[in-house]
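Accompanying notes for the structure given below.
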Amino acid sequence: MQPLPNEREVIERAQKGDKAAVSTLYETYAQPVFQYISYRVESDVIAEDLTADVFLRMVRALPAYKDIGAPFGAWLYRIAANRITDFYRQNQASNTEAISDDHRSDIDLYDQLVDEEERSHLRTALQSLSEEYQTVLILRFMQDLSHAEVAATLGKSVEAVRVVQYRALKVLAAQLKAIDETARGER
Amino acid sequence: MMHDEQFTPEELAVIERLRKAPQPQLKPQAVQAIQQLILQELKTPPVAPRPIRPAIPAPLLIGSAMILVAIAILVVVALVISQRKPTDIPPLTSAPSIIASEVPTASAEPESNGSILEATIQPTPTTAPTGQPTAEATVGATADPIDDQTVMVIEGPVQTINVNVITIFGMAIWLDPGDPILAQLQIGKMIHVEGRLDSERNIIVAVNVSVVTVVGPGLPPNCKMSKNGHIKCSKKKK
């Protein structure tokens, strides 16, 4: 995720209700936020809904947003993390994976199935971790955020994020190993 | 201190796996739908905090206040008027105007030595009758140029009945003994008498007598008329 070159200016315009600026922010951060959410919840359908919620909250909270030096993306991820927490508090997440209505070739379909299996394993493994571990791992390695950006998102120091990352990686490795072995045994 | 670069092969494998993890993409329809949603949210004005002072324009507020004050004054005035109303009703004929108007050529001379006779009825001033005057005595003396007789009109409550002679306001009125009205007369009943003055006997000879129907509530329930025409009222029990 590359921040906008003139991000501060865009944010200021968005704070004044400039539609173009709001659209720019949305277009920049929509996919990364959605990807982050999609690994935190059970299905892409839920991830879409929560992504919409995150950006609605962004629009509502923008007038009160203050640039304290942290990346704008970190602020959005924090909103997303809070929204996911709310979601799990309010709902017992159900496995309602959306049935894709895309019409693709058989090769695409095979790749898609492989991807879906890998995503399923990663999701299962990640979701067995604590929220903090999940966020650190997803943002650090899937979203390619720096330690500083993750620290800004979590409201922690960079060192604290490093420690969390170290522990999270160990737990995730163990989880993935177990999941993969189970999958191999089923085949 | 731990550094990113110091990973075990197992950890590096996990990191590599995470980096290569399939990244789902928001579908174009979803991207547009969310965009429309947030732009719509932009159009909706934020709920402004409730102002401390009322949002009504000042002139309207002043006008409303003036109207309220005017209404309050009107209510007070109406209350005062309603309090005064009973006293504004003409009092019970405290001085029934017994008028003997005479034509200069008339031979009749009312005993009252004048054309105005004082009423004997004296209602208690504290009473506040709510109805029409219930006792009125009018003695009218009009000259009859033809028969040279003065016709008097008396209207009031019957005070006494002695066979065919009754008294109203102390004046004796002689009725024809065969007059059927005699059967209807009762003490206290209002009657209208037209008659001629018999100056020799000092009585009025009735020519026409009729019972007067009193319109209205008449005497208050706590008031009574005595035989001599006096009205006495007892204080209302609270």
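Here the structure is a predicted model, which means the values were calculated and not measured. Per chain, numbering begins at 1; letters A, B, ... match sequence-line order.
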Open item on the list: Return the CZ to CZ distance between A:R140 and B:R19, rounded to the nearest 0.5 Å.
Closed with: 6.5 Å
Open item on the list: Between A:Y39 and B:Q23, is there a side-chain heavy-atom distance shorter than 4.5 Å?
Closed with: yes
Task: Region of A:S23 in contact with chain B, defined by heavy-atom distances below 4.5 Å - done: both
Task: B:L68 atom CG, neighbour heavy-atom count above 12 within 6.0 Å - done: yes
TODO: Run the numbers on A:Y26 and B:V31 for side-chain contact (heavy atoms from CB on, under 4.5 Å), then give the verdict.
DONE: CA-CA 9 Å; A:Y26 167 72; B:V31 171; 3.7 Å; yes
Task: Partner chain A: residue of B:K20, B:Q25, B:E10 with the largest heavy-atom pair count (under 4.5 Å) - done: B:Q25
Open item on the list: Are more than 12 heavy atoms, taken from residues, nucleotides or ligands other than B:K189, located less than 6.0 Å from that residue's NZ atom?
Closed with: yes
Open item on the list: Using the rule given for side-chain contact (heavy atoms from CB on, under 4.5 Å), can you reason through B:E11 versus A:Y166, listing the C-alpha separation, both sets of side-chain angles and the distance that settles it, and then say yes or no?
Closed with: CA-CA 9 Å; B:E11 288 167 354; A:Y166 171 78; 4.1 Å; yes
TODO: Taking heavy atoms only and a threshold strictly under 4.5 Å, list by residue number the residues of residues 51-58 of chain A that touch chain B; give 'none' if the list is empty.
DONE: A:T51, A:A52, A:F55, A:L56
Open item on the list: Any heavy-atom pair between the side chains of A:L172 and B:L18 that's under 4.5 Å?
Closed with: yes
TODO: List for me each residue that meets salt bridge (charged side-chain N to carboxylate O under 4.0 Å, His left out) alongside A:E12, sequence neighbours excluded, and say none if there are none.
DONE: none
Task: Any B:R17 side-chain heavy atom under 4.5 Å of A:E118 side chain - done: yes
TODO: To the nearest 0.5 angstrom, please state how far the CD atom of A:Q35 sits from the CG atom of B:L26.
DONE: 8.5 Å
Open item on the list: Which one wins on heavy-atom pair count under 4.5 Å against chain B: A:K170, A:K19, A:Q31, A:M142?
Closed with: A:Q31
